A.B. asks: 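My questions all concern the structure below.
The structure displayed is predicted, hence computed values, not measured ones. The chain is numbered in sequence order, starting from 1.
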Amino acid sequence: GTKWWDFATAGAVNSSAAIGPDGAVYFGSTDGKVYALNANGSLRWVARTDGAVWSSPAVGGDGTVYVGSLDGKLYALGAMGARRWAFPTKDAVYSSPAIGVDGTVYVGSMDGKLYAVTNGVERWEFPTGAGIYSSPIIGANGTVYIGSRDGGFYAVSPDGVRKWRWATGNWLEASGAIGPEGTIYVGSADSKVYALNPDGTELWEYRTGAGVYASPAVGLDGTVYVASNDGHLHALTPQGTNKWEAVLDNRVGYSSVAIAGDGTLWVAATDGKLYGFGPDGQRRWTFPTPNSINYSSPNIAADGTVYIG
């Protein structure tokens, strides 16, 4: 739990960090800028958007950084932050981009649509019934999964055709996670975690004590970890039964669990603390920060360093 460095921006860092292959750290700030830092915390470059950046960046195979902004645009940034293109949606982009194997970039918008974009040009758009806060995930067969504030979790084919919709009992702002067998896990504001088969049928559901806004994480053994607004970290078997619950000192907002190579579970709470738990649910340590952590999720570099805003 030793701090190596910190880096101050002129706004709040609600964006989660992305880590490039060379160890560079990319994130956005509500000051409207996207930052690239070297692994030692020094500034590599900064790029400006026309709105606050809540979206977490995604790094393409060629090093291009993709990120959304509340100005309604999806940005592609190249070397030293040079803008390659900016794709306009019709509302704010809180959603974090996902990159397909063919380079297509998928992102949701508060205009209620999921977009597929290639080289700054729209391939297709898929409408849902309300704004999209969550981020897309991509299955092994190219299916794109995304949740909407209309309470639906959607499966969309790579060519933009709806495959199915699963209805939860409240709005859906968490992003999904895919297990080793292809099972899709997602939480909802209805306080439940759902496990869905690839065909959209329900495998099981598990009720927590409050809304689930954070995205699940799946361990190598299939254990599903999810933090809830009830202030607990829940560990569930692949069959949906409770393995254990760990109590945090405050509730968890949108900050999702990250799993380290040694099995340590990292999660942040609204009390401003970053928690480390063992795979057995025992708290190993806490690291206090000066402010509440409600949106940013921890990310872990190859050397085990944990980054969070």
A.B. asks: Going through the distances and angles, do Arg123 and Tyr106 end up as a side-chain contact (heavy atoms from CB on, under 4.5 Å)?
C.D. replies: CA-CA 10 Å; Arg123 285 187 54 196; Tyr106 302 94; 4.2 Å; yes

A.B. asks: Work out which heavy atom in Pro180 is nearest to a heavy atom in Val218; give both atom names and the distance.
C.D. replies: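 Heavy-atom minimum between the residues: CD-CG1, 3.9 Å.
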
A.B. asks: What's the spacing between Ile293 CD1 and Leu274 CG if we round to 0.5 Å?
C.D. replies: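 Rounded to the nearest 0.5 Å, the CD1-CG separation comes out at 6.0 Å.
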
A.B. asks: With ring-ring contact (aromatic ring centres under 6.0 Å, His included) as the test, pick out the partner of His234 among Tyr225, Trp244, Phe277, Tyr206.
C.D. replies: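 Filter result, single survivor: Tyr206.
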
A.B. asks: Taking Ser69 for its side chain and Val53 for its backbone only, find out whether a donor-acceptor pair lies under 3.5 Å.
C.D. replies: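 Flag not set: sc Ser69 to bb Val53 has no pair under 3.5 Å.
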
A.B. asks: Is it true that Asn40 and Ser42 share a donor-acceptor pair across their side chains at a distance under 3.5 Å?
C.D. replies: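 Checked: Ser42/Asn40 side chains pair up, N/O donor to acceptor below 3.5 Å.
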
A.B. asks: Once you round to the nearest 0.5 Å, how far does CG of Asp50 lie from CG of Leu70?
C.D. replies: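 Here the rounded value is 11.5 Å.
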
A.B. asks: So which heavy atom on Ala301 is nearest to which on Tyr307, and how close?
C.D. replies: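 Nearest heavy atoms, Ala301 then Tyr307: CB-CE1, 3.8 Å.
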
A.B. asks: Around atom CG of Asn119, are there more than 12 heavy atoms of other residues, nucleotides or ligands at under 6.0 Å?
C.D. replies: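 At most 12 heavy atoms, drawn from other residues, nucleotides or ligands, come within 6.0 Å of this atom.
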
A.B. asks: Kindly check if the number of other-residue, nucleotide or ligand heavy atoms within 6.0 Å of CG (Leu43) is above 12?
C.D. replies: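 More than 12 within 6.0 Å, yes.
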
A.B. asks: Looking only at heavy atoms, what is the nearest atom pair of Leu74 and Val107, with distance?
C.D. replies: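 That closest heavy-atom pairing would be CD2-CG1, 4.0 Å.
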
A.B. asks: Spell out, yes or no, whether Tyr115 and Val105 are grouped together once hydrophobic residues are joined by side-chain heavy atoms under 4.5 Å, including indirect joins.
C.D. replies: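 Looking at the clustering, Val105 is in the same group as Tyr115.
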
A.B. asks: How about Tyr254 and Tyr133: are their ring centroids closer than 6.0 Å?
C.D. replies: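 Yes, they do, as the ring centres are separated by less than 6.0 Å.
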
A.B. asks: Specify whether Tyr185 and Trp204 have parallel, tilted or perpendicular ring planes, treating 30° as the upper limit for parallel and 60° as the lower limit for perpendicular.
C.D. replies: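 Because their plane-to-plane angle lies in the 30° to 60° range, the rings of Tyr185 and Trp204 count as tilted.
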
A.B. asks: Go through Thr9 and Lys33 one step at a time and tell me if the side-chain contact (heavy atoms from CB on, under 4.5 Å) criterion holds.
C.D. replies: CA-CA 9 Å; Thr9 75; Lys33 297 175 182 176; over 6 Å; no

A.B. asks: To the nearest 0.5 Å, what is the distance between OG1 on Thr183 and CG on Asn197?
C.D. replies: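 Answer for the OG1-CG pair, Thr183 versus Asn197, is 6.0 Å.
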
A.B. asks: Counting only heavy atoms not in Arg48, do more than 12 sit closer than 6.0 Å to its CZ atom?
C.D. replies: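 Atom CZ in Arg48 is not packed in, count stays at 12 or less.
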
A.B. asks: Check the side chains of Thr270 and Asn250 for a donor-acceptor pair under 3.5 angstrom, ignoring hydrogens and angles.
C.D. replies: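 Present: a donor and an acceptor within the cut-off.
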
A.B. asks: With Phe153, which of Leu196, Ile146, Thr128 fulfils side chain to side chain contact (heavy atoms under 4.5 Å, CB included)?
C.D. replies: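 Among Leu196, Ile146, Thr128, the one meeting side chain to side chain contact (heavy atoms under 4.5 Å, CB included) with Phe153 is Leu196.
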
A.B. asks: Assigning hydrophobic clusters by single linkage (Ile, Leu, Val, Met, Phe, Trp, Tyr; side-chain heavy-atom cutoff under 4.5 Å), is Trp164 placed with Ile178?
C.D. replies: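 Same cluster: Trp164 reaches Ile178 through Ile, Leu, Val, Met, Phe, Trp or Tyr contacts under 4.5 Å.
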
A.B. asks: Restricting to non-hydrogen atoms, name the atom on Arg44 and the atom on Met80 that form the minimum distance, rounded to 0.1 Å.
C.D. replies: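 Between these two residues, the closest heavy atoms are O-CE, 3.2 Å.
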
A.B. asks: Determine whether Asn294 and Asn14 satisfy the following criterion, side-chain contact (heavy atoms from CB on, under 4.5 Å), listing intermediate values before the conclusion.
C.D. replies: CA-CA 8 Å; Asn294 200 22; Asn14 296 324; over 6 Å; no

A.B. asks: Please report the C-alpha distance between Glu181 and Leu203 in whole Å, then the side-chain angles of each, then the deciding distance to 0.1 Å, and finally whether the side-chain contact (heavy atoms from CB on, under 4.5 Å) criterion is met.
C.D. replies: CA-CA 12 Å; Glu181 303 300 323; Leu203 188 60; over 6 Å; no

A.B. asks: If you round to the nearest 0.5 Å, how far is CD of Glu173 from OG of Ser135?
C.D. replies: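 The CD atom of Glu173 is 11.0 Å from OG of Ser135, to the nearest 0.5 Å.
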
A.B. asks: At their closest point, which heavy atom of Ser228 faces which heavy atom of Gly209, and how far apart are they?
C.D. replies: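 In terms of heavy atoms, the two residues are closest at OG-N, 4.5 Å.
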
A.B. asks: Hey, could you give me the CD/CG distance between Glu205 and Asp190, rounded to the nearest 0.5 Å?
C.D. replies: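 Going from the CD atom of Glu205 to the CG atom of Asp190 covers 8.0 Å.
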
A.B. asks: Give me the ring orientation class for Trp166 and Tyr194: parallel if the planes are under 30° apart, tilted from 30 to 60°, perpendicular past 60°.
C.D. replies: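 Trp166 vs Tyr194 ring planes: perpendicular.
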
A.B. asks: Quick one: pull up OG1 in Thr30 and CH2 in Trp54 and give me the separation to the nearest 0.5 Å.
C.D. replies: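 Taking OG1 in Thr30 and CH2 in Trp54, the distance rounds to 8.0 Å.
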
A.B. asks: Determine the minimum heavy-atom distance between Lys113 and Asp111, stating which atoms define it.
C.D. replies: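 Nearest heavy atoms, Lys113 then Asp111: N-OD1, 2.9 Å.
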
A.B. asks: Might you confirm whether atom CH2 of Trp5 has over 12 heavy atoms from other residues, nucleotides or ligands at distances under 6.0 Å?
C.D. replies: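 Counting other residues, nucleotides and ligands, CH2 of Trp5 exceeds 12 neighbours.
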
A.B. asks: How about Trp171: does its CH2 atom have over 12 heavy atoms from other parts shown lying under 6.0 Å from it?
C.D. replies: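 Not more than 12 within 6.0 Å, no.
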
